[in-house]
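See structure below.
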Protein chains: 2
Amino acid sequence: MKSSETKAERPGLLARLLREAGYRDTAPRRAVVRAIEEADGEQSPEALWRAAQRIHPGIGRATVYRTLELLTGLGAVRPLIAAEGGRRYPVAVGGHHHLVCSGCGTVVEFDECAEGEVARRVARRQGFAIQGHLLEIYGTCGDCRVTGEVRT
Amino acid sequence: MKSSETKAERPGLLARLLREAGYRDTAPRRAVVRAIEEADGEQSPEALWRAAQRIHPGIGRATVYRTLELLTGLGAVRPLIAAEGGRRYPVAVGGHHHLVCSGCGTVVEFDECAEGEVARRVARRQGFAIQGHLLEIYGTCGDCRVTGEVRT
DNA sequence: TTAGATGCAAAATTTTTGCATGAGT
DNA sequence: ACTCATGCAAAAATTTTGCATCTAA
């Protein structure tokens, strides 16, 4: 499965978010954060853990999970489910917009989004405080339509 | 947890997709499919299993998972990660618009959506054949903000 | 100094599989 | 008849937790 690149966030963005949220600035966390920012498609907890270990040997899996949870809570990262089934944590500052192929699972990110207006209006009406949004368009990519390929 | 109705997809849509894909039309599958179509924010495998059991007593968990996988492959549902951490399988055909509370998991559906345009344009540019789209706005509902409840 | 973080290992969850049996076509 | 689908239970994989020990602030 191919899948789009993680838009290289300005280094330190996630770390800053954590700090501003009042969490301590620790080496293990910095390692996880760096792993995420440099993860290129390899965003599964397991892969992030291995990457974080290279940066901060001795880091435990639990710390990776705990940090991912913090970041998710801050809306800095958004857990998604990859075509192969496992979780992936792409950086998600702001909204995320995906074009997802039902055939091969490819996920292409795009920026255009016209929801600002509607989102705010609907949210206000329901008394919601918006944190972010996810817009996914599902379909079949050219390749899959041609080959009649189907995701297993 | 409260949550709005799931816009009743034309009953049988998912079942039809399965049939057209060449899969057998069995009672257990029909139960799962109905559970999904009637899932009201309760889209976790576990909840869907309980719902399916009410429709077809004796159905096993494995069948639910297997059916969800088939439907995912067909692009009929799209696995996402719920605020509480588990998976959710919202319908991915047609257009769905949810307001999801990070605090209590409430899912409210709404109709307004300005994405028709954008979706078509982006899809065409990438050579995608659109099957549907999902717009989810994440935030905190009034109740949760008052009680200070936060997603764990 | 002191609340918050970490690593480890165990526990809990969630999802997948093997296999004998039962159904749809 | 012949596949394909199912349920069950076991196995695997994934995620969460308890707790003693560190460490940033």
Side-chain angles (χ1 to χ4, degrees), chain A residues 14-35 42-50 52-74 77 79-89 150-152, chain B residues 14-36 42-50 52-74 77 79-89 105 150-152:
Chain A
L14 301 189
R16 207 181 68 225
L17 287 174
L18 283 176
R19 226 176 314 119
E20 288 176 355
Y23 296 113
R24 292 188 178 169
D25 183 12
T26 71
R29 277 181 187 159
R30 281 193 298 272
V32 175
V33 153
R34 234 186 88 197
E42 293 295 3
Q43 310 141 321
S44 68
E46 194 59 20
L48 291 175
W49 176 55
R50 285 194 302 270
Q53 275 192 308
R54 255 173 269 125
I55 304 170
H56 182 80
I59 187 175
R61 256 191 270 279
T63 297
V64 174
Y65 279 102
R66 289 191 273 235
T67 303
L68 286 174
E69 193 184 321
L70 290 184
L71 292 170
T72 300
L74 295 176
V77 114
L80 289 180
I81 296 179
E84 317 83 61
R87 294 187 181 190
R88 284 173 39 213
Y89 286 80
V150 168
R151 162 170 28 172
T152 348
Chain B
L14 302 190
R16 207 181 67 224
L17 286 174
L18 283 177
R19 225 177 314 118
E20 289 176 354
Y23 296 113
R24 291 187 179 170
D25 184 12
T26 71
R29 277 180 188 161
R30 280 194 298 272
V32 175
V33 153
R34 233 186 91 197
I36 294 173
E42 293 293 7
Q43 311 145 321
S44 70
E46 193 59 21
L48 291 174
W49 176 55
R50 284 195 303 270
Q53 275 193 309
R54 255 174 268 124
I55 303 172
H56 182 80
I59 188 175
R61 256 190 268 279
T63 297
V64 174
Y65 279 102
R66 290 191 272 234
T67 304
L68 285 173
E69 194 184 321
L70 290 184
L71 291 170
T72 300
L74 296 176
V77 298
L80 292 180
I81 295 178
E84 317 83 59
R87 295 185 181 191
R88 284 173 44 216
Y89 286 83
V150 169
R151 160 169 32 167
T152 351

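So you know, we letter chains A, B, ... as the sequences are listed, proteins then strands, and number each from 1.
When the nucleotides C:dT15, C:dT17, D:dG18 are ranked by their closest atom to the side chain of B:Pro45, C:dT15 comes out on top. In this structure, of C:dG7, C:dT15, D:dA5, it is C:dG7 that holds the atom nearest to the side chain of A:Ile59. Closest to the A:Arg87 side chain, of the nucleotides C:dG7, D:dT15, C:dT15, is D:dT15. If you check C:dT15, D:dT15, D:dA9 against the side chain of B:Ala62, the one that comes closest is D:dA9. Closest approach to the A:Arg29 side chain among D:dA9, C:dG7, C:dA5 is made by C:dA5 (side chain taken as heavy atoms from C-beta onward).
Atom CD of B:Gln53 is separated from atom P of D:dG7 by 10 Å (rounded to the nearest Å). In this structure, B:Glu69 places its CD atom 12 Å from P of C:dT15, rounding to the nearest Å. Summarising the geometry, the separation between CH2 on A:Trp49 and P on C:dT6 is reported as 16 Å, rounded to the nearest angstrom. Distance, A:Leu71 CG to C:dA5 P: 13 Å, rounded to whole Å. In this structure, A:Glu84 places its CD atom 16 Å from P of C:dT15, rounding to the nearest Å.
Here B:Arg66 lies in heavy-atom contact (under 4.0 Å) with a base. B:Gly58 comes within 4.0 angstrom of sugar-phosphate atoms only, judged by non-hydrogen atoms across all strands, and of no base.
Between A:Ile81 and B:Ile81, some side-chain heavy-atom pair lies under the 4.5 Å cut-off. Within the 4.5 Å cutoff, side-chain heavy atoms of B:Leu71 are placed close to those of B:Thr67.
Taking each heavy atom of A:Ile59 and A:Pro28 in turn, the nearest pair found is CD1-O, 3.7 Å. Of all heavy-atom pairs spanning B:Arg30 and B:Asp25, the tightest one is NH1-OD1, 2.8 Å.
Checking side-chain atoms of A:Trp49 against main-chain N and O of A:Tyr65 turns up no donor-acceptor pair under 3.5 Å. Side chain of A:Arg29 to backbone of A:Arg24: a donor-acceptor contact under 3.5 angstrom is found.
In terms of position along DNA chain C, the nucleotide closest to A:Leu70 lies nearer the 5' end than the nucleotide closest to the other residue of the pair A:Leu70 and B:Arg61. If B:Glu46 and A:Thr63 are placed on DNA chain C by their nearest nucleotide, the residue sitting closer to the 5' end is A:Thr63.
OP1 and OP2 of D:dT16 both lie 4.0 Å or more from every side-chain N or O belonging to A:Tyr65.
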What nitrogen or oxygen pairs link the protein and nucleotides 20-25 of chain C at under 3.5 Å?
{"unit_1": "C:dG24", "atom_1": "N2", "unit_2": "B:Arg24", "atom_2": "NH2", "d": "3.1"}
{"unit_1": "C:dT25", "atom_1": "OP1", "unit_2": "B:Asp25", "atom_2": "N", "d": "3.0"}

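Annotation: the span from A:Glu69 atom CD to A:Leu74 atom CG amounts to 10.5 Å, rounded to 0.5 Å.
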